[in-house]
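Right, one structure below, let's go through it.
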Amino acid sequence: MATFDIYRKIYRLAKRIPQGRVATYGQLAGIVPGCTARMVGYAMAGIPDNERVPWQRVVNSRGAISLRGGSDSELEQRVILEKEGIPFNDSGRIDLARYRWKGPSLGWLEKNGYHTGPV
DNA sequence: CTTTTGACGCGTA
DNA sequence: CTACGCGCCAAAA
(Lines give C-alpha, C1' and ligand atoms only; values in the text may rest on other atoms or scores of the structure.)
Protein backbone atom coordinates (compact mmCIF):
# COMPACT_ATOMS: atom_id res chain seq x y z
CA MET A 1 0.00 0.00 0.00
CA ALA A 2 1.70 3.11 -1.19
CA THR A 3 1.02 6.56 0.14
CA PHE A 4 -0.19 7.41 -3.33
CA ASP A 5 -3.21 5.19 -2.77
CA ILE A 6 -4.00 7.01 0.44
CA TYR A 7 -4.04 10.31 -1.39
CA ARG A 8 -6.36 8.82 -3.98
CA LYS A 9 -8.66 7.69 -1.22
CA ILE A 10 -8.66 11.13 0.32
CA TYR A 11 -9.52 12.71 -3.01
CA ARG A 12 -12.21 10.17 -3.80
CA LEU A 13 -13.80 10.75 -0.43
CA ALA A 14 -13.56 14.54 -0.61
CA LYS A 15 -15.32 14.46 -3.96
CA ARG A 16 -18.34 13.02 -2.16
CA ILE A 17 -18.86 16.18 -0.10
CA PRO A 18 -22.09 17.69 -1.45
CA GLN A 19 -22.67 21.34 -2.10
CA GLY A 20 -23.93 23.16 0.97
CA ARG A 21 -21.99 20.90 3.35
CA VAL A 22 -18.50 20.89 4.81
CA ALA A 23 -16.20 18.29 6.34
CA THR A 24 -13.29 18.68 8.74
CA TYR A 25 -9.75 17.44 8.24
CA GLY A 26 -10.04 15.19 11.22
CA GLN A 27 -13.33 13.81 10.02
CA LEU A 28 -11.88 12.74 6.68
CA ALA A 29 -8.80 11.37 8.41
CA GLY A 30 -11.00 9.24 10.61
CA ILE A 31 -12.66 7.69 7.58
CA VAL A 32 -9.52 6.98 5.56
CA PRO A 33 -7.50 4.11 7.10
CA GLY A 34 -4.00 5.07 8.12
CA CYS A 35 -4.61 8.74 7.55
CA THR A 36 -4.11 11.71 9.84
CA ALA A 37 -5.54 15.22 9.80
CA ARG A 38 -2.20 16.65 8.76
CA MET A 39 -2.08 14.28 5.84
CA VAL A 40 -5.49 15.46 4.65
CA GLY A 41 -4.25 19.03 4.70
CA TYR A 42 -1.15 18.02 2.83
CA ALA A 43 -3.25 16.17 0.28
CA MET A 44 -5.50 19.18 -0.23
CA ALA A 45 -2.48 21.36 -0.82
CA GLY A 46 -1.23 19.02 -3.53
CA ILE A 47 -4.31 18.24 -5.56
CA PRO A 48 -3.32 17.33 -9.13
CA ASP A 49 -4.69 19.50 -11.89
CA ASN A 50 -6.59 16.58 -13.40
CA GLU A 51 -8.40 15.97 -10.12
CA ARG A 52 -11.49 18.03 -9.37
CA VAL A 53 -11.73 17.98 -5.61
CA PRO A 54 -14.00 20.43 -3.74
CA TRP A 55 -11.21 21.31 -1.34
CA GLN A 56 -12.99 24.50 -0.33
CA ARG A 57 -15.49 22.35 1.58
CA VAL A 58 -12.82 21.07 3.94
CA VAL A 59 -12.35 23.18 7.07
CA ASN A 60 -10.69 22.72 10.44
CA SER A 61 -12.34 21.43 13.60
CA ARG A 62 -13.28 24.95 14.65
CA GLY A 63 -15.32 25.42 11.50
CA ALA A 64 -12.94 28.03 10.14
CA ILE A 65 -10.96 28.24 6.93
CA SER A 66 -7.37 27.20 7.41
CA LEU A 67 -5.48 28.08 4.30
CA ARG A 68 -1.78 28.66 3.91
CA GLY A 69 -1.37 31.73 6.04
CA GLY A 70 -1.53 35.23 4.74
CA SER A 71 -2.97 34.37 1.37
CA ASP A 72 -5.97 36.26 0.05
CA SER A 73 -7.45 33.03 -1.34
CA GLU A 74 -8.89 32.52 2.13
CA LEU A 75 -11.45 35.24 1.54
CA GLU A 76 -12.04 33.85 -1.91
CA GLN A 77 -12.96 30.44 -0.53
CA ARG A 78 -15.28 31.95 2.03
CA VAL A 79 -17.14 33.66 -0.79
CA ILE A 80 -17.46 30.35 -2.63
CA LEU A 81 -18.81 28.58 0.43
CA GLU A 82 -21.31 31.34 1.12
CA LYS A 83 -22.36 31.06 -2.48
CA GLU A 84 -22.94 27.37 -1.92
CA GLY A 85 -25.26 28.21 0.93
CA ILE A 86 -22.96 28.01 3.94
CA PRO A 87 -23.19 31.03 6.29
CA PHE A 88 -20.37 32.34 8.48
CA ASN A 89 -20.99 33.81 11.91
CA ASP A 90 -19.47 36.95 13.37
CA SER A 91 -16.31 35.08 14.30
CA GLY A 92 -15.84 33.94 10.71
CA ARG A 93 -16.71 30.36 11.54
CA ILE A 94 -19.21 27.81 10.25
CA ASP A 95 -21.79 26.17 12.49
CA LEU A 96 -20.52 22.60 12.18
CA ALA A 97 -23.48 21.26 14.15
CA ARG A 98 -25.68 22.29 11.25
CA TYR A 99 -23.50 22.15 8.15
CA ARG A 100 -21.12 19.28 8.79
CA TRP A 101 -21.32 16.52 6.22
CA LYS A 102 -22.64 13.23 7.59
CA GLY A 103 -20.34 11.18 5.39
CA PRO A 104 -20.98 8.67 2.60
CA SER A 105 -23.39 5.78 2.92
CA LEU A 106 -22.20 2.75 4.83
CA GLY A 107 -22.35 0.66 1.69
CA TRP A 108 -20.11 3.04 -0.18
CA LEU A 109 -17.56 3.00 2.62
CA GLU A 110 -17.41 -0.78 2.75
CA LYS A 111 -17.32 -1.12 -0.99
CA ASN A 112 -14.37 1.24 -1.36
CA GLY A 113 -12.39 0.13 1.67
CA TYR A 114 -12.89 2.93 4.18
CA HIS A 115 -13.56 2.88 7.88
CA THR A 116 -17.22 2.37 8.60
CA GLY A 117 -17.36 3.68 12.12
CA PRO A 118 -15.44 5.07 15.10
CA VAL A 119 -11.98 3.60 15.46
C1' DC B 1 21.27 10.14 6.96
C1' DT B 2 18.75 14.10 10.43
C1' DT B 3 16.01 18.27 10.96
C1' DT B 4 12.34 21.27 9.86
C1' DT B 5 7.89 22.34 8.26
C1' DG B 6 2.92 22.12 7.50
C1' DA B 7 -4.56 23.94 4.37
C1' DC B 8 -4.51 19.69 11.80
C1' DG B 9 -6.49 18.09 16.50
C1' DC B 10 -6.87 17.84 21.26
C1' DG B 11 -5.88 18.27 26.06
C1' DT B 12 -4.36 21.65 29.64
C1' DA B 13 -3.40 25.92 31.92
C1' DC C 1 -11.76 33.33 25.18
C1' DT C 2 -6.16 32.73 24.20
C1' DA C 3 -1.55 30.29 24.67
C1' DC C 4 1.24 26.38 24.66
C1' DG C 5 2.65 21.70 24.05
C1' DC C 6 2.49 17.15 22.14
C1' DG C 7 1.12 13.74 18.74
C1' DC C 8 0.53 12.65 14.12
C1' DC C 9 3.03 11.59 9.34
C1' DA C 10 4.61 12.93 4.69
C1' DA C 11 7.68 16.08 1.92
C1' DA C 12 11.25 19.18 1.61
C1' DA C 13 15.68 20.98 3.05
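In what follows, every chain begins at residue 1, and chains take the letters A, B, ... in the order their sequences are listed. These values consider heavy atoms only, across backbone and side chains, with no hydrogens, waters or symmetry-generated copies.
Note on residues 19-32 of chain A: no pairs pass side-chain hydrogen bond (donor to acceptor under 3.5 Å, both in side chains), not counting sequence neighbours. Sequence neighbours left out, the pairs with a member in residues 48-57 of chain A that pass salt bridge (Lys or Arg N to Asp or Glu O under 4.0 Å) are A:Lys15-A:Glu51, A:Arg57-A:Glu84. Pairs passing the salt bridge (Lys or Arg N to Asp or Glu O under 4.0 Å) check and including a residue from residues 105-114 of chain A, sequence neighbours excluded, do not occur.
Taking atom CD1 of residue A:Ile10 and atom P of nucleotide B:dA7, one finds them 15 Å apart after rounding to whole Å. Rounding to whole angstrom units, CZ of residue A:Arg78 and C1' of B:dA7 are separated by 17 Å. Whole-Å rounding puts the A:Leu96 CG to B:dC8 C1' distance at 14 Å. Taking atom CG on A:Leu28 and atom P on B:dC8, their separation rounds to 13 Å, with Å as the unit.
In this structure, A:Ile31 CD1 and A:Asn112 CG are separated by 12.0 Å, a value rounded to the nearest 0.5 Å. Atom NZ in A:Lys9 sits 10.0 Å away from atom CG in A:Leu13 (nearest 0.5 Å).
Under the rule for a salt bridge (Lys or Arg N to Asp or Glu O under 4.0 Å), the partners of A:Arg78 that lie at least two apart in sequence or sit in another chain are A:Glu82. The side-chain contact (heavy atoms from CB on, under 4.5 Å) search around A:Ala43 returns A:Tyr7, A:Ile10, A:Tyr11, not counting sequence neighbours. Residues passing the side-chain contact (heavy atoms from CB on, under 4.5 Å) test with A:Arg93 are A:Arg62, A:Ala64, A:Asn89, A:Ser91, sequence neighbours excluded. Listed by chain and residue number, nothing satisfies the side-chain hydrogen bond (donor to acceptor under 3.5 Å, both in side chains) test with A:Thr36 (two or more places apart in sequence, or in another chain).
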Contacts under 3.5 Å, N or O only, protein and nucleotides 10-13 of chain B:
none

Taking only N/O atoms, report every protein-nucleotides 3-9 of chain C pair under 3.5 Å with atom names and distance.
residue : atom : partner : partner atom : Å
C:dG7   : O6   : A:Arg38 : NH1          : 3.4

Are any protein N/O atoms closer than 3.5 Å to N/O atoms in nucleotides 11-13 of chain C? If there are, list each pair with its distance.
residue : atom : partner : partner atom : Å
C:dA11  : O4'  : A:Tyr42 : OH           : 3.2

Let me check something: any side-chain donor-acceptor pairs from residues 96-103 of chain A under 3.5 Å, sequence neighbours excluded? List them with distances.
none

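Here, C:dC8 and B:dC1 have their C1' atoms 22 Å apart, quoted to the whole Å.
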Where do A:Cys35 and A:Leu28 land on the side chain to side chain contact (heavy atoms under 4.5 Å, CB included) test, with the steps shown first? CA-CA 8 Å; A:Cys35 181; A:Leu28 298 183; over 6 Å; no
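Across all strands shown, A:Arg93 has heavy atoms under 4.0 Å from sugar-phosphate atoms exclusively, and none from any base.
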